[in-house]
Amino acid sequence: MTRHRTQVAIIGSGPAGLLLGQLLAKFGIDAIILDRVDKDYILGRVRAGVLEGGTVATLEKAGVADRLHREGLPHDGFAIAFDNRLERVDIEKYAGKKVMVYGQTEVTRDLMAAREAAGALTVYDAADAQPRDYDTDRPFVSFTKDGVEHRIDCDFIAGCDGFHGPSRKSVPDGAIAEYERVYPFGWLGILADVPPVSDELIYANHPEGFALCSMRSKTRSRYYVQCALDDKIEDWSDARFWEHLKRRLPEESLATLTEGPSFEKSIAPLRSFVAEPMRFGRLFLVGDAAHIVPPTGAKGLNLAVSDVHYLYSGLQEHYGEGSDAGLDAYSAKALARVWKSVRFSWWMTTMLHRFPDTEAFGQRIQEAELDYLFSSEAAMTTIAENYVGLPF
Ligand code: FAD
Ligand code: DHB
């Protein structure tokens, strides 16, 4: 058994764990990060693409926003297509803020580079990680690496290990409440080195199913179509993907759509999930370990960042001022913001997808809602305010 000691043991080297580690390091608080997989595996996962202003500000505070500002694409609006119309939500006009299009992969790469430059310890390929004794004042994390058992003694454990990680699962059933909705469809996403169909994102409602046109740069597109839950990647040739995408976009967009070979293709199921509370003694759940939103509102990564903000502030108060007020308020503060994003993501998902059981009636209701949205200043303000992110 090899023993280590740190102030905060972080399980999970996704954006939540890495960002927390980076903010703590800036404040002189020591942390060790563990991940089940290796660095290349983590960087190979293609996920979110839209950063709220609050997320950008937090990355700036962590000192990892230089490349984001050089290469990211600031957007001051996005479009919704429905009923062969293409309508714009002017987020700058209605919410006074922009969002930044910059991939989660790049955020993660920047955070990993900063951590390596600071010489902080991340253990990759750590098997069987388990948070332990967090209901006492001597918590620790156990794990195995290359057949050797390790133990990290610490003051606090941050469970940043995603939806399937061990942290939330370690909590006894009676101590946690879980709220869940599983949607009857998934998203098939591709990356292709073709110029994006438009300078701004297009979210499309169509009787055959949802589609989303996003991007990673001016030469790289990220496109999604709603698919069946039991669809396999092999069912979706590039030709089939482009055919479905084109059918779901309004005519006026087709002239600027460039097709090309995909170099990444994946299917993600859609789910809403919240675990309450987000703190158990000296264990704190952060990001996807505590909650999942369907991707339609572009909120998953941004929620992980607001959790990190609340937890980091609490830890800073604990070590800097000897006050536990921030840590004691963590779960309630984080959950208040989480539930508002869960609601927005559920609403966007409900308004834009084809649901198997609602038939033509459901489609007409969605079109009426969208028509109303674009005729009402109040509704525009609501969608814009939520899309740019509620304050934290
Ligand atoms: P994660 O990024 O999941 O990181 C958790 C880390 O914990 C991982 O590195 C994992 O390897 C590690 N871990 C897990 N188990 C263990 C263990 N036993 N021991 C040690 N480490 C462990 N959001 C959007 O806004 N838009 C999108 O398009 C979008 N697409 C997505 C597609 C998929 C397939 C998924 C799963 C999520 C998607 N999301 C999207 C959501 C967004 O990516 C997440 O909200 C975000 O990654 C949350 O960050 P996190 O650090 O909390 O969790
Ligand atoms: C992307 C993903 C989303 O879920 C979204 O709402 C917007 C953009 C993306 O991957 O680019």
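Each ligand, and each atom within it, is numbered from 1 in the order the structure gives. What you see is a predicted model, and the numbers here were worked out from it, not measured in a lab.
Using a 4.0 Å cut-off between a side-chain N of Lys or Arg and a carboxylate O of Asp or Glu, Glu71 and Arg109 do not qualify as a salt bridge. The residues Lys265 and Asp238 are annotated as salt-bridged, a charged nitrogen and a carboxylate oxygen being separated by less than 4.0 angstrom. Between Arg240 and Glu243 there is no salt bridge, since none of the side-chain N atoms of the basic residue sits less than 4.0 Å from a carboxylate O of the acidic one. With salt bridges taken as basic N to acidic carboxylate O contacts below 4.0 Å, one links Asp155 and Arg5. Under a 4.0 Å N-O distance rule, the pair Asp371/Arg85 qualifies as a salt bridge.
The single protein non-hydrogen atom nearest to atom 24 (C) of ligand 1 is Ala48 CB, 3.2 Å, given as residue, atom name and distance. For atom 18 (N) of ligand 1, the closest non-hydrogen atom on the protein side is Pro166 CD, 3.2 Å. Among all protein heavy atoms, the one lying closest to atom 34 (C) of ligand 1 is Ala268 CB, 3.9 Å. In terms of protein heavy atoms, atom 44 (C) of ligand 1 is closest to Asp288 OD2, 3.2 Å. Summary of contacts: the protein heavy atom closest to atom 32 (C) of ligand 1 is Arg47 CG, 3.9 Å. The protein atom (non-hydrogen) at minimum distance from atom 50 (P) of ligand 1 is Ala16 CB, 3.9 Å. With hydrogens left out, the protein atom closest to atom 4 (O) of ligand 1 is Gly14 CA, 3.5 Å, a heavy atom.
At a 4.0 Å heavy-atom cut-off, ligand 1 does not touch Val293 at all. Of the heavy atoms in Ser266, none comes closer than 4.0 Å to ligand 1. When non-hydrogen atoms are compared, ligand 1 lies under 4.0 Å from the side chain of Gln104 (C-beta onward) but not from its backbone. Counting heavy atoms closer than 4.0 Å to ligand 1, residue Leu301 contributes backbone atoms (N, CA, C, O) but none from C-beta onward. Contacts with ligand 1 closer than 4.0 Å are made by side-chain heavy atoms of Ala129 only, the backbone lying farther away. At a heavy-atom cutoff of 4.0 Å, ligand 1 is contacted by the side chain of Tyr224 but not by its backbone.
A cation-pi contact links Lys299 to Tyr387, judged by a cut-off of 6.0 Å to the six-membered ring centre and 45° from its axis. Cation-pi geometry between Arg282 and Phe156 is met: the NZ or CZ atom falls under 6.0 Å from the ring centre, inside 45° of the normal.
Under the 4.0 angstrom criterion for non-hydrogen atoms, Lys299 is in contact with ligand 1.
Near Gly287, the atoms of ligand 1 lying under 4.0 angstrom from a non-hydrogen atom of the residue are 52 (O). Ligand-side atoms of ligand 1 in range of Ala298: 25 (O), range being under 4.0 angstrom from any heavy atom. Of all atoms in ligand 1, numbered sequentially from 1 with element shown, those under 4.0 Å from a heavy atom of Gly300 are 25 (O), 45 (O).
Distances from atom 9 (O) of ligand 1 to the heavy atoms of Arg45, Arg36, Gln130, Lys169 show the closest one on Arg45. One option in Asp125, Asp161, Leu270 has a heavy atom closer to atom 14 (C) of ligand 1 than any other, and that option is Asp161. For atom 5 (C) of ligand 1, the nearest non-hydrogen atom from the set Pro15, Gly186, Cys160, Gly189 comes from Cys160.
Every residue two or more places apart in sequence or in another chain that forms a side-chain hydrogen bond (donor to acceptor under 3.5 Å, both in side chains) with Thr296 is listed here: Thr349. Residues meeting the salt bridge (charged side-chain N to carboxylate O under 4.0 Å, His left out) test with Asp231, sequence neighbours left out: none.
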Using a cut-off of under 3.5 Å, which N/O atoms of ligand 2 pair up with protein N/O atoms, and what distance separates each pair?
from	atom 1	to	atom 2	distance (Å)
ligand 2	4 (O)	Pro295	O	2.6
ligand 2	6 (O)	Tyr203	OH	2.7
ligand 2	6 (O)	Pro295	O	3.1
ligand 2	6 (O)	Ala298	N	3.4
ligand 2	10 (O)	Arg47	O	3.4
ligand 2	10 (O)	Arg216	NH2	2.8
ligand 2	10 (O)	Tyr224	OH	2.6
ligand 2	11 (O)	Ser214	OG	2.6
ligand 2	11 (O)	Arg216	NH1	2.7
ligand 2	11 (O)	Arg216	NH2	3.4

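Panel note: side chain Gln130, backbone Ser142; no donor-acceptor pair is recorded below 3.5 Å. Of the possible polar contacts, one joining the Ser217 side chain to the Arg220 backbone as a donor-acceptor pair under 3.5 Å is found.
Checking only distances, Val37 never comes within under 3.5 Å of ligand 1, N or O to N or O. At least one N/O-N/O distance between Asp35 and ligand 1 falls below 3.5 Å.
For CZ of Arg181, the number of neighbouring non-hydrogen atoms (other residues, nucleotides, ligands) closer than 6.0 Å is 12 at most.
The aromatic rings of His353 and Phe355 sit perpendicular, their planes meeting at an angle over 60°, well past the 30° parallel limit. Aromatic ring orientation, Trp236 versus Phe241: perpendicular (interplanar angle above 60°, classes split at 30° and 60°).
Aromatic pair Tyr203/Phe78: centroids less than 6.0 angstrom apart.
Applying the ring-ring contact (aromatic ring centres under 6.0 Å, His included) test to pairs two or more places apart or on separate chains, those with a residue in residues 246-273 are Phe163-Phe273.
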